[in-house]
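The structure displayed is predicted, hence computed values, not measured ones. For the numbers below, each heavy atom of this structure counts, side chains included, while hydrogens, waters and symmetry mates do not. Both ligands and their constituent atoms are indexed starting at 1 by order of listing.
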Amino acid sequence: MSAELICFEQRCRARYPITGVIYNCPRCGGLLEATYDFQIEPARAKALWRERRTSNAPLEQSGVWRYRELIPFLDDYSGVVTLREGNTPLLDAPAAARYAALDRLTFKHQGFNPTGSFKDNGMTCGVAQALRLGMRRVACVSTGNTSASMAAYASAAGLQPIIFIPHGNISYGKLAQALEYGARTLQVEANFDQILALVRALAERLGIYLLNSINPFRIEGQKTIIIEMLDQRDWSPPDWIVLPGGNLGNTSAFGKALRELRELGFIAKMPRLAVVQAEGAAPFHDFMKQPGENAFRAVEHPETLATAIKIGDPVSWPKAWQEVAASGGMVAKVSEQEIADAKAVIGRCGIGCEPASAATLAGLRQLVAAGTIERGADVVAVLTGNVLKDPDYIYRYHTGELTSPTGAPIQSTFGNRPEVVPNDADRIAALLAER
Ligand code: F0G
């Protein structure tokens, strides 16, 4: 099995050793991806992966490493650190389907991961590569989930995690995780895009391994979200896969997974990707309306309460462009109100998610209303983060205190206020008898 890094730019396609500490093509500056000379037979691999599910071996219990034949960048798995990431459920959500005017809807809930987001799928791979390269310190800039995940995996692996976050702009749940998992935490007075530029320069200068989603090994791990989802569906592809878009690493990973699965004969049909962005941070949406070589325009001051996707200059847009186009997909944008209401609907399904994840249902509702997605379509929406990531947002929504970044109030359409009651059985009984 040979594994290499290859420049994603079609006119370059330069190849580099898989052990190079590089994040962009040294020749043209393009994004890199892992490429393999796969030796894998679909029927055998599918049977093997099923069998591994009953194993007690840590590597087989991981919903990432179980599928290692499709992410074969390591020569040796003895150093892999797994927190049993992946293994996230497919959940039917009839009430959410009704809200989107779909006949049925399934959520693939990545919030069931060890640190509560899909980042764990990628991070176990990124940290494995850091160990293999002999790096001692790892860094990332993050809107919160990447940092929580990197902190956990790096600490578990005995590496030092150093995280950079936009000061005052990530949820407390995520910040708390980073502190608890032992990350050196630097809150920078700048936004995500500005800090990413800073950290890229610093990583090189200080010899720290960068674990943002430009890191191609994280993308490899995130491919398994799609692989596992298809395995759970007995390899029957849905018509659409819907996901939120921020830095666009996940869009790139999903597209790569589908491309490879199709080329290798695991699936006969390509699902279409629908990426959903928040209105105030939607550069990819705007670009995809009229795409072209020099047409990408960053949003200088991105704004959204869905802080996970508050990104104006997503690094992976060239990959995401190709992948969305290759899948015959599309990009939508949704308002703060639409995200907030969709999130409450997902909550009422007994499922719950963080704000960025709810952009999926909000986007679906729009796309079905516009006739882009048919009512009878088979749709999987990926919920990227756990409901407890941002409790402050939830409390404000349900009590009518949530305001959008522009200052406009957000209606608590599905509000559910807590009630203060006296310590008095009769009065409480009377209150509960009313409804
Ligand atoms: N949903 C959640 C919950 C996220 O945390 C992110 C990204 C996204 C969606 C968007 O994914 O960047 O691959 O397009 N969070 C990153 C972070 C940026 O730092 O945690 P993307």
Report summary line: Looking only at protein heavy atoms, what sits closest to atom 2 (C) of ligand 1 is T384 OG1, 3.4 Å
Query raised in the report: In the protein, what heavy atom is nearest to atom 20 (O) of ligand 1, and what distance, to one decimal place, separates them?
Result: T146 N, 2.8 Å
Query raised in the report: Would a 4.5 Å heavy-atom cut-off, applied to side chains only, mark P58 and W65 as touching?
Result: no
Report summary line: If we number the atoms of ligand 1 from 1 as shown, the ones under 4.0 Å from a heavy atom of G249 are 13 (O), 14 (O), 21 (P)
Report summary line: With D286 as partner, the option from Q277, R297, K333 fulfilling side-chain contact (heavy atoms from CB on, under 4.5 Å) is K333
Query raised in the report: Do you see a donor-acceptor pair shorter than 3.5 Å between the side chains of Y36 and E260?
Result: no
Query raised in the report: So do D120 and L83 actually touch side chain to side chain, heavy atoms under 4.5 Å?
Result: no
Query raised in the report: What residue and atom, counting heavy atoms only, is the protein's closest point to atom 13 (O) of ligand 1, and at what distance?
Result: N250 N, 2.8 Å
Query raised in the report: Can a donor-acceptor pair be found between the side chains of T384 and S357 at a distance below 3.5 Å?
Result: yes
Query raised in the report: Any idea which protein heavy atom is nearest atom 8 (C) of ligand 1, and the distance to it?
Result: I309 CG2, 3.6 Å
Query raised in the report: What atoms of ligand 1 come closer than 4.0 angstrom to any heavy atom of S142?
Result: 17 (C), 19 (O), 20 (O)
Report summary line: Filtering A308, A148, A356 for the heavy atom nearest atom 4 (C) of ligand 1 leaves A308
Report summary line: Numbered in order shown, the ligand 1 atoms found under 4.0 Å of a heavy atom of I311 are 18 (C)
Requested in this report: Answer yes or no: does an N/O atom from K174 fall short of 3.5 Å to an N/O atom of ligand 1?
Outcome: no
Query raised in the report: Tell me: protein heavy atom nearest atom 5 (O) of ligand 1, and distance?
Result: N145 ND2, 2.8 Å
Requested in this report: Report the nearest protein non-hydrogen atom to atom 15 (N) of ligand 1: residue, atom name, distance rounded to 0.1 Å.
Outcome: K119 NZ, 3.0 Å
Query raised in the report: When you look at CZ of R13, are more than 12 heavy atoms from neighbouring residues, nucleotides or ligands closer to it than 6.0 Å?
Result: yes
Requested in this report: Tell me, yes or no, whether the heavy-atom count around E401 atom CD, taken from other residues, nucleotides or ligands under 6.0 Å, exceeds 12.
Outcome: yes
Query - Donor-acceptor side-chain pairing of N87 and R66 below 3.5 angstrom - result: yes
Query raised in the report: Just wondering, more than 12 heavy atoms not from Y77 lying within 6.0 Å of its OH?
Result: yes
Query raised in the report: Which ligand 1 atoms, with their elements, are less than 4.0 angstrom from a heavy-atom of G245?
Result: 14 (O)
Query raised in the report: Are N121 and N113 linked by a side-chain donor-acceptor pair shorter than 3.5 Å?
Result: yes
Requested in this report: Report, in ascending order of atom number, the atoms of ligand 1 lying under 4.0 Å from any heavy atom of E354.
Outcome: 3 (C)
Query raised in the report: To the nearest 0.1 Å, how far is atom 11 (O) of ligand 1 from its closest protein heavy atom, and which atom is that?
Result: F118 CZ, 3.5 Å
Query raised in the report: Any idea which part of T251 is under 4.0 Å from ligand 1, heavy-atom wise: side chain, backbone, both or neither?
Result: neither
Query raised in the report: Among protein heavy atoms, which sits nearest to atom 12 (O) of ligand 1, and what does the distance come to when rounded to 0.1 Å?
Result: N247 N, 2.7 Å
Requested in this report: Mark the output for P244 as yes if a heavy-atom distance to ligand 1 is under 4.0 Å, and as no if none is.
Outcome: yes
Query raised in the report: Hey, is CZ on R53 packed in by over 12 heavy atoms from elsewhere, all under 6.0 Å?
Result: yes
